[in-house]
Colleague: 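What follows is a single structure, and I will ask about it in a moment.
First listed ligand is number 1; within each ligand, the first listed atom is number 1.
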Amino acid sequence: MKVTIVGAGAVGASCAEYVAIKNFASEVVLLDIKEGYAEGKAMDLMQTASLNGFDTKITGSTNDYSKTANSDIAVITSGIPRKPGMTREELIGINAGIVKEVSSNLIKHSPNVTLIVVSNPMDTMTYLVHKTTGLPKNKIIGMGGALDSARFKYRLSEALDCPASDVDGMVIGGHSDTGMVPLTRLATRNSVPVKAFISEERLNQVAEDTKVGGATLTKLLGTSAWYAPGAAVSGLVQAIACDQKKMFPCSALLEGEYGLNDICIGVPVILGKDGLEKIVELKLDDAELAKMKDSAEGVKKTNGLLDV
Ligand code: NAI
């Protein structure tokens with residue numbers, strides 16, 4: 001199993017580290033446009049192999065796509081991250097050009113690759129890859145909801161004063177501060193609805209804290225986060241590589257599901273060896289469907305800025 005990660009920056013390197021530690025891939029290629037950078041990150045990570053006990057071979061390349069040939073899965077994290085006070089949508093001008101070029105280069109060398117798009121604004125970048133590459137829809141997956149759901153579970157565990165592994169919850173919709181739809185009604189603690197444990201007011205606060213999860217970290221760190229994003233991407237890579245048939249909310253091209261068309265937005269999907277194998281249609285109530293519709297309008301507005 002060969003995995004390529006384009007963009008050896010904070011998120012790309014964190015993803016490479018988690019993929020290696022989980023020890024399911026034979027090879028990880030890190031590629032970056034900055035001279036020597038991916039090679040350096042790869043060497044540093046390889047020097048953790050004996051410490052962390054993995055066999056995955058990590059190599060680096062400065063923009064030489066021949067090194068990525070015949071990748072099964074490729075992750076696109078190349079592009080600029082946001083700075084404090086910026087929205088993800090403001091990154092579109094620079095990142096659209098990068099994502100278009102990178103996806104085309106990847107496919108030239110790995111025509112059967114499954115692409116995971118991470119660069120922001122992620123839903124719009126995923127849509128751009130659909131519009132410009134001609135890859136089948138099951139082979140293009142946007143990562144956002146897996147991270148937002150992990151942040152939701154973190155906030156729920158904080159509110160309930162219990163381990164995050166005791167709670168379950170999902171965030172669907174657009175991967176933006178205003179577009180996320182944390183499904184509070186369906187969130188559970190050891191299979192019991194969380195509404196049994198906390199007030200509606202506290203639960204609404206959890207949802208609001210989740211939506212600004214990325215912005216909160218960007219303010220603290222001066223740039224966007226990387227540990228949880230890297231871990232979330234590695235979960236998607238593993239589900240595909242190991243044919244886990246696991247459900248994650250991911251940005252998927254919708255053709256009528258949830259009443260939406262011609263848009264990539266976060267919905268639950270099953271990931272396995274064929275990439276995005278199925279879109280799961282949850283039974284949402286009217287309020288949730290209305291939030292999803294609003295969220296889709298926001299994503300479509302950003303898509304309108306693309307030159308496709
Ligand atoms: P970073 O600045 O640390 O790394 C980005 C890397 O991309 C840099 O090393 C840069 O040299 C490289 N790069 C730029 N143009 C390139 C090109 N044409 N070819 C190859 N490499 C190129 O940024 P970070 O923090 O890793 O974030 C990367 C992207 O991921 C940002 O757009 C950020 O907003 C997004 N992100 C998305 C998340 C999500 O949930 N979807 C979560 C966190 C970040």
Colleague: Less than 4.0 angstrom from a charged side-chain N to a carboxylate O is my criterion; do Lys245 and Glu277 meet it?
Modeller: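 Yes, Lys245 and Glu277 are salt-bridged.
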Colleague: Return a yes/no value for Leu91: is any of its N or O atoms, backbone included, closer than 3.5 angstrom to an N or O of ligand 1?
Modeller: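 No - when backbone and side-chain N and O of Leu91 are compared with those of ligand 1, no distance drops under 3.5 Å.
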Colleague: Write out the residue and atom name of the closest protein heavy atom to atom 32 (O) of ligand 1, then the distance separating them to 0.1 Å.
Modeller: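 Here the nearest protein heavy atom works out to Ile80 O, 2.8 Å.
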Colleague: Any ion pair linking Glu89 and Lys301 (charged N to carboxylate O, less than 4.0 Å)?
Modeller: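 Between Glu89 and Lys301 there is no salt bridge, as every charged N stays at least 4.0 Å from the carboxylate O atoms.
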Colleague: Verify salt bridge (Lys or Arg N to Asp or Glu O under 4.0 Å) between Lys67 and Asp64, making sure each step is shown before the conclusion.
Modeller: CA-CA 6 Å; Lys67 301 275 169 54; Asp64 177 1; 3.5 Å; yes
Colleague: Just distances here: any N/O of Ser119 and N/O of ligand 1 closer than 3.5 Å?
Modeller: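 There is no such contact.
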Colleague: Record the part of Thr223 in heavy-atom contact with ligand 1 below 4.0 Å; permitted values are side chain, backbone, both and neither.
Modeller: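 Neither; no heavy atom under 4.0 Å.
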Colleague: Provide, to 0.1 Å, the distance between atom 11 (O) of ligand 1 and the closest protein heavy atom, together with that atom's residue and name.
Modeller: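 Atom 11 (O) of ligand 1 sits closest to the protein heavy atom Asp32 OD1, 2.6 Å.
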Colleague: Do ligand 1 and Ala10 have nitrogen or oxygen atoms that lie under 3.5 Å from each other?
Modeller: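 Yes.
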Colleague: A quick test of your reading: do over 12 heavy atoms of other residues, nucleotides or ligands sit less than 6.0 Å from CG of Asn190?
Modeller: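 Check passes, neighbour count above 12.
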Colleague: Of the backbone atoms (N, CA, C, O) and the side-chain heavy atoms from C-beta on, which set of Pro229 has a member under 4.0 Å from an atom of ligand 1: side chain, backbone, both, or neither?
Modeller: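 Answer for Pro229: side chain.
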Colleague: Could you check atom 35 (C) of ligand 1 against the protein and tell me its nearest heavy-atom contact, residue, atom and distance included?
Modeller: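 Looking only at protein heavy atoms, the one closest to atom 35 (C) of ligand 1 is Asn120 ND2, 3.6 Å.
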Colleague: Would you say Leu45 and Val19 are hydrophobically clustered, going by side-chain heavy atoms of ILVMFWY under 4.5 Å?
Modeller: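 Looking at the clustering, Val19 is in the same group as Leu45.
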Colleague: Are a donor atom and an acceptor atom from the side chains of Thr4 and Thr68 found within less than 3.5 Å of each other?
Modeller: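 No - no donor-acceptor pair under 3.5 Å links their side chains.
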Colleague: Does Tyr37 have a heavy atom less than 4.0 Å from any atom of ligand 1?
Modeller: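 Yes.
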Colleague: Heavy-atom pairs closer than 4.0 Å: do any link ligand 1 to the side chain of His175, the backbone, both, or neither?
Modeller: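 Side chain only.
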Colleague: Could you tell me whether Val118 approaches ligand 1 through its side chain, its backbone, both or neither, with non-hydrogen atoms closer than 4.0 Å?
Modeller: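 It is both parts that get close, each with some atom under 4.0 Å.
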Colleague: Who gets closest to atom 23 (O) of ligand 1 by heavy atom: Gly145, Ser61, Pro81, Gly9?
Modeller: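 The residue whose heavy atom sits nearest atom 23 (O) of ligand 1 is Pro81.
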Colleague: Applying a heavy-atom cut-off of 4.0 Å, say which part of Val6 lies close to ligand 1: side chain, backbone, both or neither.
Modeller: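 Side chain only; the backbone of Val6 stays clear of ligand 1.
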Colleague: Let me know which of Arg151, Glu208, Lys211 forms a side chain to side chain contact (heavy atoms under 4.5 Å, CB included) with Met180.
Modeller: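 One option only clears the test, and that one is Lys211.
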Colleague: More than 12 heavy atoms of other residues, nucleotides or ligands under 6.0 Å from NZ of Lys300: yes or no?
Modeller: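 Result for NZ/Lys300: enclosed.
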Colleague: Any N or O on Met143 sitting closer than 3.5 Å to an N or O of ligand 1?
Modeller: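 Yes, since at least one N or O of Met143 sits under 3.5 Å from an N or O of ligand 1.
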Colleague: For ligand 1, which part of Leu147 has a heavy atom less than 4.0 Å away: the side chain, the backbone, both, or neither?
Modeller: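 Side chain only.
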Colleague: Who's the nearest protein heavy-atom neighbour of atom 20 (C) of ligand 1, and how far?
Modeller: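 Looking at atom 20 (C) of ligand 1, the protein heavy atom closest to it is Ile33 N, 3.5 Å.
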